[in-house]
Structures are given as C-alpha cells and as structure tokens.
Amino acid sequence: MTDRSSKHYRLGMGRRRAFDEDEVVRAAVGLFGGRAYDGVSVDDLVTHLGVHRNSLYKTFGSKRGLYLAALRRHLGDDVRPLAEALAAAPDAATALRLVTSADLGLLLLAAVERAPADEEVAAEVSAALATLDQAIADALGISPELAAALTAAALGIVLRGNPDGVGTALTRRFDSPD
C-alpha cells in the first residue's frame, strides 16, 4: 500500500464510537426506571445520555433495543443481587424489607407498562419475578405460591409509594405472629 491508499483506507473505516456503551446502558436504566418507556423520547435519550441519534440507532437498533439492554442490565445488576440476598433471608420480615428497599423501578414499570404489549419484555419480567419468588421460597421453606404472594405484597407496597409506612406495619405482623 502506498501512503495515499493507506490514508484513504483509514478514512473509509468510519469513526470510533465516541461513547461507552456500558455507561449509556447504565444511564438508560435510570432514565427508563424513572420515566418509563413511553415517558422517554429518542430526543430525551440523545440529550440525557450524550449519544448522537445515529450512534444510538447504530448501536442499539432502536429505542426499544436500548430499552431491552437497559432492562436486562437492571435485572442483572439490581434484581439478581436482590434474589441472592433473598435466598439468605432468615424470615419473611427480612425478605419484605429487602424487596421494599431495593431499586426495582424499571422492573415494576416494565411489568405494568411494557410487558402487556411486548412478549420479550413479558418474558424477562416473568423470569425475574419467578427468580425472586424462588429465592424467597427456598430461604423460608415455603411453597412457591406463598412466596409469590409475599413477593406480590412487597412489590405492591413499593407501588403504593409508602414502603416504610405500609411495610413497617406488615413487617411488625411478621415479627410477632400472634
């Protein structure tokens, strides 16, 4: 290759990605977890994540592609560690406190907003909830159905927006089962 042809070759390769994909996905977890899928526009993503529109589409294919990457990151970084902690919970009150204090915003929003309309999101949410249920069942030695009811109660407390007040009352009941 001559100097000239090598220079042409380097220019034709395209620019290197100017953003860290991992950081973008992590930031997207917070954005989607705070405002939901429909509450975040592509313009919001470009503005808040510092990624050019073309780069976003080239890397993730679509807003949905980034959303799925963010959901999977959330499940791996937030839900999986919660399941591990739940597996070691000594009692139902501890399990309840763990769930109500966890950052599960994106999981909850995905369950109510996207899962009914998107089979792939539904499968991810269902698997995550089943993992939480199984961790509780194993830790407490209870049936999966009862564990699912405890998970549902804990998530309902989070959805009510008052995990401390409602959760404290329910936890007291678990702590003194007379």
Side-chain angles (χ1 to χ4, degrees), residues 20-40 49 59-175 177:
D20 181 329
E21 186 175 331
D22 191 53
E23 287 178 20
V24 167
V25 172
R26 197 171 320 206
V29 169
L31 199 55
F32 286 122
R35 294 178 28 201
Y37 181 83
D38 288 336
V40 177
L49 304 178
T59 304
F60 301 104
S62 64
K63 173 183 160 182
R64 181 180 177 272
L66 176 56
Y67 177 81
L68 288 170
L71 178 61
R72 289 178 180 127
R73 168 60 58 82
H74 172 61
L75 298 178
D77 288 356
D78 299 315
V79 177
R80 185 178 315 126
L82 172 60
E84 291 167 3
L86 287 169
D91 53 45
T94 301
L96 182 64
R97 278 191 287 275
L98 286 168
V99 174
T100 58
S101 65
D103 178 8
L104 299 176
L106 184 51
L107 174 64
L108 293 171
L109 287 170
V112 298
E113 181 195 33
R114 297 301 307 154
D118 186 321
E119 289 181 21
E120 198 168 356
V121 172
E124 294 285 352
V125 167
S126 180
L129 293 175
T131 298
L132 295 177
D133 295 343
Q134 192 61 55
I136 291 172
D138 292 346
L140 303 181
I142 59 177
S143 72
E145 295 81 15
L146 185 55
L150 183 58
T151 303
L155 293 175
I157 290 167
V158 174
L159 284 173
R160 287 185 67 136
N162 182 12
D164 292 332
V166 176
T168 299
L170 191 55
T171 300
R172 268 193 240 124
R173 177 67 180 125
F174 281 125
D175 284 340

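As a basis for the values below, the full set of heavy atoms in this structure was taken, side chains included, without hydrogen atoms, waters or symmetry mates.
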J.: Considering all heavy atoms of both residues, which atom of Leu107 and which atom of Ala128 are nearest to each other, and what is their separation?
T.: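 The answer is CD1-CB, 4.1 Å.
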
J.: Using modelled atom types only, decide if a donor and an acceptor are shared between the side chain of Glu124 and the backbone of Arg72 within a distance under 3.5 Å.
T.: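 Looks like no, no N/O pair under 3.5 Å.
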
J.: Where do Val99 and Ala154 come nearest, in terms of heavy atoms and distance?
T.: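 Looks like CG1-CB, 3.4 Å.
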
J.: Answer yes or no: is there a side-chain heavy-atom contact under 4.5 Å between Ile157 and Leu96?
T.: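 Yes, their side chains come closer than 4.5 Å.
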
J.: Between Lys63 and Asp38, what is the shortest heavy-atom contact and its length?
T.: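 That would be NZ-CA, 4.4 Å.
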
J.: Might you point out which heavy atoms bring Ala85 and Leu98 nearest each other, and give the distance in Å?
T.: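 Looking at all heavy atoms of both residues, the closest pair is O-CD1, 3.7 Å.
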
J.: Return the minimal non-hydrogen interatomic distance between Gly76 and Pro81, and the atom names on each side.
T.: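 Closest heavy-atom pair between Gly76 and Pro81: O-CD, 3.4 Å.
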
J.: How many angstroms lie between atom CD of Glu113 and atom CG of Leu106, to the nearest 0.5 angstrom?
T.: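 Answer for the CD-CG pair, Glu113 versus Leu106, is 9.5 Å.
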
J.: Nearest 0.5 Å, what's the CG-CZ distance between Asp91 and Arg97?
T.: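 Rounded to the nearest 0.5 Å, the CG-CZ separation comes out at 6.5 Å.
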
J.: What residues form a side chain to side chain contact (heavy atoms under 4.5 Å, CB included) with Arg64, not counting sequence neighbours?
T.: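 Checked Arg64 against side chain to side chain contact (heavy atoms under 4.5 Å, CB included); matches are Tyr37, Ser62, Leu68, Asp118, Glu120.
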
J.: My understanding is that only residues two or more places apart in sequence, or in another chain, count here; which of them pass side chain to side chain contact (heavy atoms under 4.5 Å, CB included) with Ala28?
T.: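 Ala28 satisfies side chain to side chain contact (heavy atoms under 4.5 Å, CB included) with Phe32, Leu49, Leu66, Ala70 only.
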
J.: Taking the side chain from Ser126 and the backbone from Ala122, do they hold a donor-acceptor pair closer than 3.5 Å?
T.: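 Flag not set: sc Ser126 to bb Ala122 has no pair under 3.5 Å.
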
J.: Is it the case that more than 12 heavy atoms not belonging to Arg73 sit under 6.0 Å from its CZ atom?
T.: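 Yes.
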
J.: Looking only at non-hydrogen atoms, find the nearest pair between Thr100 and Val158 and report the distance.
T.: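 Taking Thr100 first and Val158 second, the nearest heavy atoms are CA-CG2, 3.6 Å.
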
J.: First locate atom CG of Leu104, then atom CG of Leu109, and finally report the distance between them rounded to the nearest 0.5 Å.
T.: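 Going from the CG atom of Leu104 to the CG atom of Leu109 covers 10.5 Å.
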
J.: Would you indicate whether the side-chain heavy atoms of Val79 and His74 approach each other to under 4.5 Å?
T.: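 In short, these two side chains touch, coming nearer than 4.5 Å.
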
J.: Could you tabulate the donor-acceptor pairs under 3.5 Å formed by side-chain atoms of residues 139-153, not counting sequence neighbours?
T.:
residue	atom	partner	partner atom	Å
Ser143	OG	Leu146	N	3.1
Thr151	OG1	Asp133	OD1	2.7
Thr151	OG1	Ala147	O	3.0

J.: With rounding to the nearest 0.5 angstrom, report the CG to CG distance, Leu155 to Leu108.
T.: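 Interatomic distance, Leu155 CG to Leu108 CG, rounded to 0.5 Å: 5.5 Å.
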
